[in-house]
Number of protein chains: 2
Amino acid sequence: MRVAPPRSARRRRASAADGAKTHLTIRDVAALAGVSQGTVSKVLNEAPGVGAGTRTRVLKVIQDLDYQPDASARSLVVRRTGSIGVIIPHTGSYSMASSYWPVLLTAITETAAARSQNVLLSTARSEEDVDSAYQSILRGRRVDGLVVGAEQFGQKQLVELLFKGFPFVMVGKSPFVSHWHVDVDNAGGARLVTEHLLRLGHRRVAMLGGPAHFPCVHERLEGYRSAMAAAGLEPRAYHSAYHDETAVRYIKELLFDLLGAEPRPTALFVAAGDLVIPALAATREMGLRVPSDLALGAFDDHPYYEHFDPPITAVSQPVHDLGQAAADLLFALMEGEATAARDVILPTRLVVRRSCGSVA
Amino acid sequence: MRVAPPRSARRRRASAADGAKTHLTIRDVAALAGVSQGTVSKVLNEAPGVGAGTRTRVLKVIQDLDYQPDASARSLVVRRTGSIGVIIPHTGSYSMASSYWPVLLTAITETAAARSQNVLLSTARSEEDVDSAYQSILRGRRVDGLVVGAEQFGQKQLVELLFKGFPFVMVGKSPFVSHWHVDVDNAGGARLVTEHLLRLGHRRVAMLGGPAHFPCVHERLEGYRSAMAAAGLEPRAYHSAYHDETAVRYIKELLFDLLGAEPRPTALFVAAGDLVIPALAATREMGLRVPSDLALGAFDDHPYYEHFDPPITAVSQPVHDLGQAAADLLFALMEGEATAARDVILPTRLVVRRSCGSVA
DNA sequence: ATGAAAGCGCTAACAC
DNA sequence: GTGTTAGCGCTTTCAT
């Protein structure tokens, strides 16, 4: 067993060795203010037990030195990072052309900033990306909580989060686990467009949605179905992959089949923003006019739709509110608030433009 | 002076006191693998000086335990966080409707991920936000480097960064300081549209740009001017604020004045994506048809422009490449590479659609 | 109210 | 090749 010299001596040796000071520490502040580091720490954390005079003196030194405590050191001891993680998909140009994720991210960042929390971002293109995002953000305690797109994580990751009791909220519903989430009323929104189309006199209304196993697609399908059923009509739903080039080709083929056959639908409910452009491209290639040959209603509005030819009628989602709700829910969870609602479902509204035609 | 008991004894006391283990540390791994923490650390960091057998044994324990080192603790000692900061503007719905910042952010995040770096995001709405972003990200060493929109920081912050030698790159040129940055060839792009308009037979071509003191606005103005001068024509440039509601009204008033007077321009070069929608709205309200009454060319393309009425002719910026270049430049800077180019200027290309009309 | 010092989990320098 | 330990900058008891 050896004798450890007191900190001050060790310190002195170290600084004598390298000489040059690279940055300020709490010890510098303490020395200049003529107090101990513990006292400075208390001032920094607005903890009680510091005399008014001492406090102002320390504060002045902090100000003069322009001192800012080191986040890593602080995190290490308090076991919180002051950051939340956000994992969103990033799959091709359309998901960024749509304003859904950007607006959501903005809202989350805003809300976090209001609580002096930072946002650590991961965008995931592939399964691999998702896993590396998961690894790099969650492991190593880089963040205190997580907002994640419902479709992002697989069952394995979700279950692990659940098991660890790690605070997270999903945007949208996961196919795998039931957990805190925020979402829009998908069924209601789908019903809104479908009923609009029906009201305009259409009887053969088809739906084009994303992959059938996604809960949001399922919900939109249900809304569409219920509206059709209420009108005594047969639903005709088609599904396609989102995003990539092959998906666009697939969607076109689907629409060629669908719109080439007789009797072909007179109206199409495009149940996802990502599918609007491919659908438009397909009708154009087929020489079909919207809305006279085919009426088009979409899920997920975009400000630019106003200026499309024709202006697109779409269900508008309160994306900004959604992001804020996600962040609020997460912070509630992180603070262990038992009273917080388990999930938040926000209403949609229909923005009527001209792509569905007008009343006959 | 007192005798400090060896770490192991202290540790034993501590764990005896609380009992319950909440998470794994390097010590747990060391104990299970029957080695010291130093050895585990070497394995983790792929440092030399560990026998092959020992290495695999330690690796196995790490695997079995699903151990992941604590990022804060590591950062504290290595003095690097493994994150870069990104500060982008977020000013109203248009900047998110445009895909510029989202795509840029995506590219940066991708590039960072490829280097196992995280991205800490700040969006800044106001001057205040910028400052709090600056404080929370830069101070406290939360990030190792920074990508920042050129217009985001004021002179004070920029100079502070420069003075501290903190690695950062700007997207766009700052009005205040000359520093490493990535940007597109603004003058060239502006020339491209203007020449296109000129080639189509237009002689009275006006330009509507953002605030005159922004370098990018100035550059676009120069490009426009040089194209006009080459054709022996007088430039007519107008400036407006970006973004908010009052700006939209201002732009409309400007256009009313501009287009109401005789001889009015037959073509308008809208020198920023944010101004396209207001310009379109103004022409529509005035009952002016595009392109027959007024030809319209824009800076900053968007995939949706293809489906506008009429489809918008615009200068396309390689935004994704820009983001990647920004990140690459930053990493080069962080690694102290002296060979790296001081700035990266990327070319634009003109996407001709129908809003400028066709050759008479 | 204040100071002293232990210790957060890790890396790196050094001893063996 | 492996173990020991100082120390990163901070918070948090615990004495005083």
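Heavy-atom basis, side chains included; hydrogens, waters and symmetry copies ignored. The sequence lines fix the lettering, A, B, ..., with proteins before strands; numbering per chain opens at 1.
Summarising the geometry, the separation between CD1 on I62(B) and P on dC10(C) is reported as 10 Å, rounded to the nearest angstrom. As a whole-Å value, the separation of Q37(A) CD from dG3(C) C1' is 10 Å. Spacing between atom OH of Y67(A) and atom C1' of dC10(D) amounts to 7 Å, rounded to whole angstrom units. Here dT11(C) presents its C1' atom at 13 Å from CZ of R27(B), a figure rounded to the nearest Å. Atom CD1 in I26(B) sits roughly 14 Å away from atom C1' in dT4(D) (whole-Å rounding). At whole-Å resolution of the value, CG in L76(A) and P in dG9(D) are 12 Å apart. We find that CZ of R57(A) is positioned 11 Å from C1' of dT2(C), with the value rounded to whole Å.
Across all strands shown, S75(B) has no heavy atoms under 4.0 Å from either base or sugar-phosphate atoms. Within 4.0 Å (heavy atoms only), G53(B) reaches no atom of the nucleic acid at all. Heavy atoms of G51(B) sit under 4.0 angstrom from primed sugar atoms or phosphate atoms, though from no base atom. At the heavy-atom level, G140(B) lies nowhere under 4.0 Å from the strands shown.
Partner of T81(A) under the side-chain contact (heavy atoms from CB on, under 4.5 Å) criterion, chosen from N118(A), D144(A), L76(A), L120(A): D144(A).
Relative orientation of the F153(A) and Y134(A) rings is perpendicular, given thresholds of 30° and 60° on the angle between their planes.
Listed here is the closest heavy atom pair of A112(A) and V119(A): CB-CG2, 3.8 Å.
For S72(B) and dC10(C), the shortest distance from a side-chain N or O to OP1 or OP2 is not below 4.0 Å. Considering only side-chain N and O atoms, T54(B) lies under 4.0 angstrom from the phosphate OP1 or OP2 of dT2(D). Close to dG9(D), at under 4.0 Å from its OP1 or OP2, lies a side-chain N or O of H23(A). The phosphate of dG3(C) (OP1 or OP2) has a side-chain N or O of S36(A) nearer than 4.0 angstrom. Regarding contacts with the backbone of dT11(D), every side-chain N or O of R79(A) stays at 4.0 angstrom or more from both OP1 and OP2.
A donor and an acceptor atom sit less than 3.5 Å apart, one in the side chain of K42(B) and one in the base of dG3(D).
The shortest side-chain heavy-atom distance between I62(A) and L44(A) falls under the 4.5 Å cut-off. W180(B) is listed as a side-chain neighbour of L333(B), based on a closest heavy-atom distance under 4.5 Å.
Each of T39(A) and R80(B) was matched to the nucleotide of DNA chain C holding its nearest heavy atom; the match closer to the 5' end belongs to T39(A). Looking at which nucleotide of DNA chain D each of G38(B) and D70(A) is closest to, the 5′-most match is held by G38(B).
Looking at the side chain of V77(B), the nearest of the listed nucleotides dG9(D), dT11(D), dC10(C) is dC10(C).
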